[in-house]
S.K.: 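Once you've had a glance at the structure underneath, I'll fire off some questions.
This structure is a prediction, so every number in the text was calculated from the model and none was measured. Worth knowing before you read on, the calculation uses all heavy atoms, side chains too, and leaves out hydrogens, waters and symmetry mates.
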Amino acid sequence: MESEKKSSSISNFGAWGMNVVSSVGIIMANKHLMSNNGYAFTFATTLTGFHFAVTALVGLVSNASGYSAPKHVPLWELLWFSAIANISITGMNLSLMLNSVGFYQISKLSMIPVVCIMEWILHGKHYSREVKTAVMVVVIGVGVCTVTDVKVNLKGFVCACLAVVSSSLQQISIGSLQKKYSIGSFELLSKTAPIQALSLIILGPFVDYYLSGKLITNFKLSSGAIIFILLSCTLAVFCNISQYLCIGRFSAVSFQVLGHMKTVCVLTLGWLLFDSELTFKNIMGMILAVVGMVIYSWAVELEKSSSAKSLPHAKNSLTEEEIRLLREGIENSTLKDVELGEAKV
């Protein structure tokens, strides 16, 4: 039993670690690829299509080699989920392109209260006072950072809001679909990735032209740009797989809370590599948001320990009753077997 718990803990840490490394890496790679100081590849939606095309190819190879077994999921559910996921990732890429790295990551932190509200509305899930307090601390921290971050424009703010709402709904849907159809994280990703890739590669260039006023056909590819596009696609595969793994193992809210290490990494690297402005209020807001997420982790553990303590008491109070019912059941089943044998004779 202890070995199984240890193995599960190692698997959970591995999935989360993969998500942290790949997420931070893809943010840094995309920022360099899209920024004017880098290669000015401002076609974020099309790039997302490339991400899912490579992910779909990996899933196809996995199914062909027998590594994963396909399971049935209704087409309309796949289309609905793919649409939400496309809006989510496209919005995140556009937010990254139009906003500073700091505001981009801080806006993602607001998904914690949004996910809480959505789970309450959709699934009737309730949270303890400690969890609500932690979420409030996070919201205050996000508010401090948002107000003081001057590198925000209307188009970037709208994209960030759209990305937060759609991402929250997508992450809740990942867990719901996995439980509903008993499908693994990689199998679900393999089914949705081709739909997302096809739709984004077709519609992406038009969306990018509307937002940036540039045609992807006029972009001059260089060896450096190709390397960063391939790097972005490779990191996207690991990021997508680890996201599905984490949400399958944890809840959507807990997945957001576990990302506080990504927040610190991205804000620090954005300041070091891209000269993103970090004022004193920005730093204090970031610290407050991270403290709120740490409190949330403590609150979740407190709920788990409380539930574990209450279960043995409930079990002990029913032991005698269970024994009595079990004996009655055995006696009744014996009598029925005798009666059935007499009837056969």
Side-chain angles (χ1 to χ4, degrees), residues 11-12 14-31 33 44-63 65 67-68 70-71 73 77-96 104-105 108 111 115 163-164 166-178 181 183-201 204 228-252 254-256 258-259 262 266:
S11 300
N12 292 342
W16 177 71
M18 183 195 299
N19 185 259
V20 171
V21 174
S22 59
S23 296
V24 174
I26 197 172
I27 289 171
M28 295 297 110
N30 286 355
K31 192 65 179 180
L33 181 63
T45 312
T46 307
L47 179 63
T48 307
F50 295 159
H51 289 171
F52 281 101
V54 176
T55 304
L57 180 62
V58 172
L60 182 64
V61 172
S62 176
N63 290 332
S65 61
Y67 178 78
S68 58
K71 292 187 178 181
V73 179
E77 294 236 43
L78 294 176
L79 293 174
W80 157 254
F81 175 83
S82 298
I84 296 298
N86 283 350
I87 296 173
S88 165
I89 299 180
T90 302
M92 284 297 177
N93 283 338
L94 292 173
S95 177
L96 176 61
Y104 164 79
Q105 191 63 27
K108 290 180 67 176
M111 281 194 289
V115 168
V164 167
S166 57
S167 296
S168 301
L169 184 59
Q170 180 219 8
Q171 290 179 7
I172 294 173
S173 300
I174 290 175
S176 299
L177 288 175
Q178 289 188 40
Y181 297 103
I183 187 172
S185 55
F186 187 72
E187 287 75 14
L188 179 60
L189 180 61
S190 299
K191 285 182 173 295
T192 58
I195 301 174
Q196 293 178 249
L198 182 62
S199 57
L200 288 174
I201 289 176
F228 268 86
I229 289 173
L230 293 176
L231 175 62
S232 179
C233 291
T234 302
L235 290 171
V237 174
F238 289 100
C239 186
N240 289 331
I241 293 175
S242 61
Q243 180 187 12
Y244 280 55
L245 282 172
C246 287
I247 296 177
R249 293 173 179 270
F250 317 116
S251 66
S254 297
F255 173 71
Q256 289 298 323
L258 288 173
K262 291 188 292 184
V266 170

S.K.: Taking all atoms of both residues into account, what is the closest heavy-atom pair of Ser88 and Ala163, and its distance?
M.R.: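 That closest heavy-atom pairing would be O-CB, 4.0 Å.
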
S.K.: Does a donor on one side chain and an acceptor on the other come within less than 3.5 Å for Ser199 and Asn86?
M.R.: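 The answer is yes; a qualifying pair exists.
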
S.K.: If you take all heavy atoms of Ser23 and Ile26, which pair is closest and at what distance?
M.R.: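 Minimum heavy-atom contact is O-CG2, 3.2 Å.
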
S.K.: Any chance you could measure Asn19, atom CG, to Ser242, atom OG, to the nearest 0.5 Å?
M.R.: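 Answer for the CG-OG pair, Asn19 versus Ser242, is 4.0 Å.
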
S.K.: Treating Ser167 as the side-chain partner and Val164 as the backbone partner, does any N or O pair qualify as donor plus acceptor under 3.5 Å?
M.R.: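 Side chain of Ser167 to backbone of Val164, a donor-acceptor pair under 3.5 Å: no, none is there.
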
S.K.: Spell out, as yes or no, whether a donor-acceptor pair under 3.5 Å connects the side chain of Ser82 to the backbone of Leu78.
M.R.: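 Looks like yes, one N/O pair under 3.5 Å.
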
S.K.: Quick one: OG on Ser176 to CD on Glu77, what's the gap to the nearest 0.5 Å?
M.R.: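 CD of Glu77 is found 9.5 Å from OG of Ser176.
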
S.K.: Sequence neighbours excluded, which residues qualify as side chain to side chain contact (heavy atoms under 4.5 Å, CB included) partners of Leu79?
M.R.: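 So Leu79 forms a side chain to side chain contact (heavy atoms under 4.5 Å, CB included) with Leu75, Ile195.
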
S.K.: Please tabulate, for the side chains in residues 229-240, all donor-acceptor contacts under 3.5 angstrom to protein atoms that are two or more places apart in sequence or on a different chain.
M.R.:
{"from": "Ser232", "atom 1": "OG", "to": "Asn30", "atom 2": "OD1", "distance (Å)": "2.6"}
{"from": "Ser232", "atom 1": "OG", "to": "His51", "atom 2": "NE2", "distance (Å)": "2.7"}
{"from": "Thr234", "atom 1": "OG1", "to": "Leu230", "atom 2": "O", "distance (Å)": "2.8"}
{"from": "Asn240", "atom 1": "ND2", "to": "Thr55", "atom 2": "OG1", "distance (Å)": "3.4"}
{"from": "Asn240", "atom 1": "ND2", "to": "Ala236", "atom 2": "O", "distance (Å)": "3.1"}

S.K.: Kindly give the heavy-atom pair with the smallest separation between Ala197 and Ala53, and that separation in Å.
M.R.: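 Result for this residue pair: CB-N, 3.4 Å.
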
S.K.: Quick one, Thr46 and Ile201 - any side-chain contact, counting heavy atoms below 4.5 Å?
M.R.: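 No - every pair of side-chain heavy atoms lies 4.5 Å or more apart.
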
S.K.: Any chance you could measure Leu47, atom CG, to Leu200, atom CG, to the nearest 0.5 Å?
M.R.: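 With rounding to 0.5 Å, CG (Leu47) is 10.5 Å from CG (Leu200).
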
S.K.: Under the side chain to side chain contact (heavy atoms under 4.5 Å, CB included) test, which residues partner Ala85, sequence neighbours left out?
M.R.: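 Listed in chain order: Phe81, Gln170, Gln196.
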
S.K.: Checking Leu169 now: which residues fulfil side chain to side chain contact (heavy atoms under 4.5 Å, CB included) with it, not counting sequence neighbours?
M.R.: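 Listed in chain order: Trp80, Ile84, Met118, Leu122, Ser173.
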
